[in-house]
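Lettering follows sequence order; numbering is per chain, from 1.
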Amino acid sequence: MPELPEVETIVSDLCKKVVGREIIGFWSQTPRIFPKNQISKLKSQINGYQIAKIDRRGKNILFYLSQGSKINSQKLLLIHPKLTGRLLIGNHFLKNPKNYIRAIFYLDNKTALAFSDVRKFGKIIFGDKKKIESLPDLKNLGPDPLDKIFTVKKFKSLISPQKRKIKLVLLDQEVIAGIGNIYSDEALWIAKIHPFTPSNQLTNHQLTKLYNAIRKVLKTSLRLRGSSMRDFRDTSGRAGGYIKIRRVYDREGLPCFRCGTKIKRIKMNVRSAHFCPQCQRI
DNA sequence: CGATTCCCCTGATAGC
DNA sequence: TGCTATCAGGGGAATC
């Protein structure tokens, strides 16, 4: 389940491997991951575009496409991997049905950029740069937790007016972009905060600790190229290393690394929150 | 505004 | 062995 460190890992791979390449063909037979009628649009319009730049906004991967120096021809390709989406580079894996290839962008160096997605929850949107940038998917996103503008002051101003449970607020992409179920649990454990604490009841000290915990856990995971619980892979199909050093996520019944108390898992809507009932109290 | 529930999808896993 | 029920989860929509 790609969150910020996993998506950033994908993007840094892509920057090395496909920036500068020209797209020379497109294939897909999975309409549900695109907006209506996008497959035929992509087939007829995307050929000849060069991948000029690749970026990330929250969990969204952005491909800036250009044709020569024509500014008005600038296009944007947005890919959101959701739960099981992967971006793979190469061509040897394309024909194997076990790779669940849902879309293929053929490149000018005899290789391809393929989108794999077992569950078909992923999203691919192609269009004019301005139009894509104004979609709620991007426009409504909160700040990126690793961005310079994401100061501790900014963080406090975003969290403290909220009445919702802190775990829910951390998962809300319109508050902060990029945190998902794994890193919200990990950060709350580090900061010793119960996931159900109402956000407006967090003390100034707790908020500072949570801010530092979020940044720390994301940077640590980034260094290890993300977490692979089940599904995440980088563009070469390799798993990330963070899960081996995780603190609470998916450790129900195992001892807390600080106090030895058994880690609990509680349902929060359809998601689950993992925490130490001893260290993390409301 | 906030809380809750359901839906999308399908491989993995647990229970019988 | 083989069947069936349940689960995982990002995000959006619907309802109260």
Side chains of [X] and [Y], heavy atoms from C-beta outward: is any pair under 4.5 Å?
X	Y	answer
A:I79	A:F63	yes
A:S160	A:N200	no
A:C256	A:W189	yes
A:K156	A:N204	yes

With a 4.0 Å limit, can you tell me whether [X] has a side-chain N or O closer than that to the phosphate oxygens OP1/OP2 of [N]?
X	N	answer
A:K165	B:dG2	no
A:Y100	B:dC9	no
A:H80	C:dG11	yes
A:S272	C:dG9	yes

Donor-acceptor pair present, A:R271 side chain and C:dG11 base, under 3.5 Å =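 Such a pair exists between side chain and base.
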Measuring from the side chain of [X] (C-beta onward, heavy atoms only), which nucleotide among [options] has the closest atom?
X	options	value
A:K82	C:dG12, C:dG9, C:dG10	C:dG10
A:N181	B:dC8, B:dG2, C:dG9	C:dG9
A:Q173	B:dT10, B:dC8, C:dG11	C:dG11
A:Q162	C:dG12, C:dG11, B:dG2	B:dG2
A:R164	B:dC9, B:dC6, B:dA3	B:dA3

Nearest-Å distance for atom pair [atom1]/[atom2], residues [X] and [N]:
X	N	atom1	atom2	answer
A:M268	B:dT4	CE	C1'	12 Å
A:L168	B:dA3	CG	C1'	9 Å
A:K267	C:dC7	NZ	C1'	7 Å
A:E174	B:dC1	CD	C1'	14 Å
A:L135	C:dG11	CG	C1'	15 Å
A:L78	C:dG11	CG	P	12 Å
A:D250	C:dG9	CG	P	8 Å
A:D117	B:dT10	CG	P	10 Å

Have a look at A:K98 and say if it touches a base, only the backbone sugar-phosphate, or nothing, with a 4.0 Å heavy-atom cut-off.
-> nothing
So what does A:K123 hit on the nucleic acid, given a heavy-atom distance under 4.0 Å: a base, only sugar-phosphate, or nothing?
-> nothing
Are the ring of A:F121 and the six-membered base ring of C:dG9 within the stacking cut-offs of under 5.5 Å and under 30°?
-> no
NZ or CZ of A:K43 within 45° of A:F26 ring axis and under 6.0 Å =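 No, a cation-pi geometry is absent between A:K43 and A:F26.
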Are a donor atom and an acceptor atom from the side chains of A:T111 and A:N91 found within less than 3.5 Å of each other?
-> no
5'-most contact on DNA chain B (nearest-nucleotide basis), A:P161 vs A:R32, goes to A:P161
